[in-house]
Amino acid sequence: MVKKVKVGLLASGNGSNLQAIIDQSERGELPAEVVCVITNRSDAFALERARKHGITAIHLSHRDFSGREAYDAALVAALKGHGVELVVLAGFMRIITTVLLDAFPLAVLNIHPALLPSFPGLDAQQQALEYGVKVTGCTVHFVDEGTDTGPIIIQAVVPILPDDTVESLSLRIHHQEHKTYPEAIRLFAQGRLSVKGRRVMIAGGHASSDASLINPPV
Ligand code: GRF
């Protein structure tokens, strides 16, 4: 039997990525088990999703701590207390510090709703619409000390359509997020990821040299 990697997931909101990861894992498609979900907001729907699946759901408010480091130390204690091996950030609206990163070297992932390094930070879909790009997407990356700057594991491209709003575009991006995040976790769990400089190497990777998305289509 394949050993399952123990995932601790941090979220602040809806948790649709959490749901996609739980669903794949429950179907036996992912060698990973979400062992705890932590949110900084008491009203995060991610908490309910976790409880529904019998996963430990923890609300840890950043307001109860003197600063980012103190908050991250509490996160580390909770994550380590649950035997977490991989930390997955999914819509976690907090900047994390080296306190968390040093406790989980090369084992903190994030997903961003744009093709990094384009449109980092908040409101990535809005930024893409305002800039007028024809394609955007999502990026799963290792987390480093910057904001949305860590080595990239996997990206998915989605077209921007003439009538798109932030909502319609977000929906299309989410659809890809729910495929790419579990895939990145699978690669991690299988021990296939290594980092050389900024580049993430995937052992036994199946790169496609002719994949393309041209938008508008030609
Ligand atoms: C996703 O769009 C992700 O890229 C961003 O936050 C959003 C979280 O969505 N970092 P959900 O809470 O998983 O539905």
Side-chain angles (χ1 to χ4, degrees), residues 7-26 30 32 34-53 55 57-62 75 86-97 100-101 108-131 133 135-160 164-186 188 200:
V7 169
L9 190 138
L10 309 187
S12 298
N14 180 25
S16 70
N17 280 285
L18 164 67
Q19 192 67 56
I21 293 162
I22 293 174
D23 290 347
Q24 279 212 19
S25 141
E26 285 187 350
L30 200 56
V34 182
V35 293
C36 66
V37 171
I38 307 179
T39 76
N40 61 320
R41 295 181 54 122
S42 59
D43 59 352
F45 188 58
L47 287 172
E48 256 179 68
R49 291 185 193 267
R51 286 190 201 107
K52 200 169 157 220
H53 290 267
I55 296 167
I58 302 168
H59 169 229
L60 205 55
S61 175
H62 54 278
L75 287 178
L86 173 66
V87 180
V88 169
L89 310 183
F92 188 54
M93 303 303 283
R94 300 279 310 160
I95 291 172
I96 63 164
T97 69
L100 181 66
L101 292 174
V108 183
L109 306 185
N110 182 44
I111 190 160
H112 182 75
L115 293 174
L116 291 171
S118 291
F119 315 129
L122 294 174
D123 302 322
Q125 298 92 335
Q126 179 78 36
Q127 291 185 55
L129 286 172
E130 280 174 7
Y131 196 94
V133 289
V135 296
T136 183
C138 63
T139 303
V140 182
H141 62 94
F142 284 108
V143 177
D144 65 8
E145 288 171 43
T147 301
D148 303 323
T149 52
I152 291 170
I153 299 169
I154 184 168
Q155 294 184 298
V157 183
V158 307
I160 293 186
D164 262 338
T165 58
V166 167
E167 290 69 33
S168 64
L169 179 57
S170 298
L171 211 62
R172 197 171 309 119
I173 293 173
H174 259 124
H175 188 63
Q176 299 304 322
E177 292 189 348
H178 300 162
K179 294 195 268 185
T180 48
Y181 220 170
E183 178 63 14
I185 293 169
R186 180 176 299 107
F188 180 95
V200 176

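Numbering of ligands and ligand atoms starts at 1, following listing order.
Taking H62 as the reference, nothing meets the ring pair (Phe, Tyr, Trp, His ring centres under 6.0 Å) condition, with sequence neighbours excluded. H175 pairs by the ring pair (Phe, Tyr, Trp, His ring centres under 6.0 Å) definition with nothing, not counting sequence neighbours. A search for salt bridge (Lys or Arg N to Asp or Glu O under 4.0 Å) contacts involving D164 returns R172, not counting sequence neighbours.
Looking at every heavy atom in both residues, L18 comes nearest to A50 through CD2-N, 4.4 Å. Counting all heavy atoms, side chain and backbone alike, Q127 lies closest to P120 at NE2-O, 2.9 Å.
Sorted by chain and number, the residues within 4.0 Å of ligand 1 by heavy atom are N14, G15, S16, N17, G91, I111, H112, P113, H174, E177.
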message: Q19 vs H53, test: side-chain hydrogen bond (donor to acceptor under 3.5 Å, both in side chains). Steps then yes/no.
response: CA-CA 10 Å; Q19 192 67 56; H53 290 267; 3.2 Å; yes
